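Just so we're clear, the structure is a prediction, and the values are computed from it rather than from any experiment. Numbers here simply count residues along the sequence, with the first being 1.
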Amino acid sequence: MTDIEIAQNAKLKKIGEIAESIGLTEDDFEPYGKYKAKVSLEVLKKNAEKKDGKLILMTAVTPTPPGEGKSTVTVGLTQALNKFGYKSIAALREPSLGPVFGMKGGAAGGGMSQVVPMEEINLHFTGDIHAISAAHNLISACIDNHIHFGNELDIDVNNITFKRVLDMNDRNLRSIVVGLGPKVNGVPRENSFQITVASEIMAIFCLADSITDLKERIGEIVFAYNRKGEMLKVKQLNIQGAVAALLKDAIKPNLVQTLENTPVFIHGGPFANIAHGCNSLLATKMALKLSDYVVTEAGFAADLGAEKFLDIKARLGNLEPNVIVIVATVRALKHHGGDKDLKSENIETLTKGLVNLEKHIESMQKYNLPVVVAINKFITDTDAEIQVIKDFCAKMDVEVANCEIWEKGGEGGKELVEKVMNAIEKNEKSDKKYTPLYDLNLSIQEKIEKIAKEIYGADGVNFAQKALNNIKKYVENGYDKLPICISKTQKSLSDNPNLLGRPTGFTITINEVRLSAGAGFLVAMAGEIIDMPGLPRKPAAELIDIDENGVISGLF
Ligand code: ADP
């Protein structure tokens with residue numbers, strides 16, 4: 001059975017029952033149809049004094065293009081925790097329409113470890129991402145309108161950093177001209193679109209801890225420079241209230257369920273390269289108040305997603321993660337060992353590829369947190385291959401578990417639950433506590449160098465002149481104490497997608513540093529990152545269909 005067929009055959013509970021199971025009353029949530037609900041932010045206020053649950057961060061080795069199953073193992077682990085007697089909620093990102101119709105498919109887990117209703121989650125869900133597009137584009141419209149009506153702020157039309165957004169992979173919108181035609185059509189200028197998940201509004205949405213904070217952060221967005229080269233902020237257009245108003249419902253975390261009827265929050269979904277790649281802070285915080293264990297996922301591999309979760313989100317949100325789970329697959333490690341086939345047993349390439357896992361384990365241990373390796377088993381994996389990974393982890397003195405959660409759901413996660421519990425317990429007895437990798441008081445260059453050397457294994461960093469000029473400007477304007485969000489390929493630990501395994505003897509080049517003043521971080525660009533993806537020659541859109549009864553097929 002395909003993922004969507006499994007999801008369509010699931011016996012879902014009404015969302016009220018799921019809400020009740022985590023202690024919510026009728027006043028705490030608004031159903032969106034039968035199986036989705038928005039949860040009121042009042043729940044956070046009501047539970048302010050309550051102790052937080054334990055936080056489990058899910059990350060992965062450097063993946064092969066289709067993904068290594070972080071979402072699948074996140075969902076599988078939360079199902080397994082609930083099955084074996086531990087109250088758990090998962091907190092995940094919302095899928096963007098770009099990858100759904102492009103190459104990667106949906107993002108609601110897979111096999112027997114999925115979040116449902118799968119089609120609804122993947123197609124519009126509760127409309128949050130559209131609301132974010134509208135909020136973002138309101139700012140764009142007001143910028144052009146301001147220029148049209150006399151440009152009192154003296155906006156430099158050649159130096160507007162705020163683009164337009166759309167939640168679709170559409171390469172033709174990467175570089176466009178707006179305002180063509182008669183004068184009433186506005187001032188002509190070059191412009192471009194990003195995919196909505198790359199919007200700074202999305203990043204802010206995921207880091208804000210209240211509506212007031214959301215509004216203030218929106219006001220802080222630097223959207224352009226004036227002709228004297230000074231920064232201009234959204235609050236100078238006086239529209240931060242209107243932009244936040246468009247997010248009134250979106251800001252409430254969405255509650256859904258797994259195939260095994262356990263609770264899940266799915267809320268927010270920023271890119272993991274030019275943004276921090278984790279679900280909203282509000283959803284994570286709410287889950288921590290409503291459950292003993294929260295499993296949450298960070299995008300891409302540990303060098304990108306987990307690093308940003310730990311150095312940006314956890315730090316800004318005062319979160320205290322308790323354990324990091326690294327998802328490893330036989331196929332990804334074989335890929336790092338130079339395997340081209342990936343389907344047949346190959347101990348040699350697998351053993352060679354283990355260096356990638358080794359590096360991610362070492363990097364995560366720098367945060368003073370215990371690490372557990374979850375082997376996400378594929379049916380083509382052999383026992384001998386699984387044993388190679390287990391032996392390696394034993395040598396590194398790291399807990400490891402074989403997971404059959406894709407095939408068996410929660411039942412297949414028994415070993416992982418045991419190992420995660422061991423790690424949390426052991427850590428509680430020690431005096432080790434999560435510590436970020438770098439101090440915010442280091443210079444911008446030092447912070448970038450620290451990530452490059454300690455997490456990527458680089459020898460050093462080259463800063464292009466443009467990046468140095470950017471940094472100078474941010475220092476002058478007091479933005480040097482912000483955390484760093486490095487935008488880099490997810491395909492390699494280095495900035496070169498072709499370097500597999502654990503590359504050594506390389507340097508990272510930072511071409512440009514961008515300011516996300518509202519979100520509260522600096523984006524250091526290591527290489528060209530496309531923030532408006534294109535569709536592949538044969539997009540997933542060609543496989544997706546709907547019948548007369550409204551039944552959807554072809555989503556994966
Ligand atoms: P990630 O979160 O790392 O991007 P996903 O959890 O979305 O990865 O999984 C990517 C795809 O791989 C999904 O289609 C999922 O069904 C499939 N998948 C994940 N784990 C397994 C497994 N153990 N066996 C077979 N397919 C799997």
Side chains of [X] and [Y]: is there a donor and an acceptor less than 3.5 Å apart?
{"X": "S363", "Y": "K359", "value": "yes"}
{"X": "S494", "Y": "N496", "value": "no"}
{"X": "Q490", "Y": "T62", "value": "no"}
{"X": "E5", "Y": "N9", "value": "no"}
{"X": "T262", "Y": "T78", "value": "no"}
{"X": "D459", "Y": "T507", "value": "no"}
{"X": "N322", "Y": "N427", "value": "no"}
{"X": "T329", "Y": "N376", "value": "no"}
{"X": "E411", "Y": "Q79", "value": "no"}
{"X": "N279", "Y": "T284", "value": "yes"}
{"X": "S487", "Y": "N273", "value": "no"}

Using the six-membered ring of F521, assess whether NZ or CZ of R514 lies under 6.0 Å from its centre and within 45 degrees of the ring axis.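 Because its charged atom misses either the 6.0 Å distance or the 45° angle limit, R514 does not stack over F521.
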Over-ring placement of K488 relative to Y456, 6.0 Å and 45° cut-offs: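 Pair K488/Y456 counts as cation-pi.
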Atom [atom1] of [X] and atom [atom2] of [Y]: how far apart are they, to the nearest 0.5 Å?
{"X": "L77", "Y": "S88", "atom1": "CG", "atom2": "OG", "answer": "6.5 Å"}
{"X": "N82", "Y": "T258", "atom1": "CG", "atom2": "OG1", "answer": "7.5 Å"}
{"X": "W406", "Y": "T72", "atom1": "CH2", "atom2": "OG1", "answer": "9.5 Å"}
{"X": "K54", "Y": "M421", "atom1": "NZ", "atom2": "CE", "answer": "9.5 Å"}
{"X": "K343", "Y": "R331", "atom1": "NZ", "atom2": "CZ", "answer": "9.5 Å"}
{"X": "F556", "Y": "M118", "atom1": "CZ", "atom2": "CE", "answer": "9.0 Å"}

Looking only at heavy atoms, what is the nearest atom pair of [X] and [Y], with distance?
{"X": "S96", "Y": "I129", "answer": "CA-CD1, 4.2 Å"}
{"X": "F300", "Y": "K70", "answer": "O-NZ, 3.0 Å"}
{"X": "L342", "Y": "D339", "answer": "N-OD1, 3.2 Å"}
{"X": "V323", "Y": "V372", "answer": "CG2-CG2, 3.9 Å"}
{"X": "I486", "Y": "A526", "answer": "CG2-CB, 4.3 Å"}
{"X": "K419", "Y": "A401", "answer": "CG-CB, 3.9 Å"}

Verify the neighbour count for atom [atom1] of [X]: are there more than 12 heavy atoms of other residues, nucleotides or ligands below 6.0 Å?
{"X": "E542", "atom1": "CD", "answer": "yes"}
{"X": "D431", "atom1": "CG", "answer": "no"}
{"X": "K390", "atom1": "NZ", "answer": "yes"}
{"X": "D383", "atom1": "CG", "answer": "no"}
{"X": "K414", "atom1": "NZ", "answer": "no"}
{"X": "K352", "atom1": "NZ", "answer": "no"}
{"X": "Y86", "atom1": "OH", "answer": "no"}

K334 and salt bridge (charged side-chain N to carboxylate O under 4.0 Å, His left out): which partner among E348, E68, E345, E385?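 Output: one option passes, namely E385.
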Heavy-atom side-chain proximity of [X] to [Y] below 4.5 angstrom:
{"X": "N346", "Y": "T349", "result": "yes"}
{"X": "I22", "Y": "S291", "result": "no"}
{"X": "D52", "Y": "E320", "result": "no"}
{"X": "S492", "Y": "L499", "result": "yes"}
{"X": "E418", "Y": "F84", "result": "no"}

Within the 6.0 Å centroid threshold, strictly below: F271 and H276: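 Not under 6.0 Å, so no.
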Please identify which of these residues, N261, V264, L259, I6, meets the side chain to side chain contact (heavy atoms under 4.5 Å, CB included) condition with V116.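 Among the candidates, only L259 passes.
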Just to verify, which of V256, L255, L290 counts as forming a side chain to side chain contact (heavy atoms under 4.5 Å, CB included) with P263?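 Going through V256, L255, L290 one by one, the side chain to side chain contact (heavy atoms under 4.5 Å, CB included) with P263 is satisfied by L255 alone.
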Donor-acceptor contact present, side-chain [X] to main-chain [Y], <3.5 Å:
{"X": "N511", "Y": "A467", "value": "no"}
{"X": "K447", "Y": "L440", "value": "yes"}
{"X": "R93", "Y": "C278", "value": "no"}
{"X": "K285", "Y": "G317", "value": "yes"}

Going through the distances and angles, do L515 and L522 end up as a side-chain contact (heavy atoms from CB on, under 4.5 Å)? CA-CA 5 Å; L515 172 64; L522 293 169; 3.6 Å; yes
Run the side-chain contact (heavy atoms from CB on, under 4.5 Å) check on Q445 and V461 step by step: do they pass? CA-CA 9 Å; Q445 283 100 319; V461 180; over 6 Å; no
Evaluation steps, side chain to side chain donor-acceptor pair (under 3.5 Å), between D391 and Q387: CA-CA 6 Å; D391 291 346; Q387 198 55 45; 3.0 Å; yes
Starting from the C-alpha separation in whole Å, work towards a yes-or-no answer on salt bridge (Lys or Arg N to Asp or Glu O under 4.0 Å) for K377 and E407. CA-CA 9 Å; K377 189 174 182 298; E407 200 183 331; 5.3 Å; no
Using the six-membered ring wherever Trp is involved, compare the ring planes of Y367 and Y434 and label them parallel, tilted or perpendicular (cut-offs 30° and 60°).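 Answer is parallel, since the angle falls under 30°.
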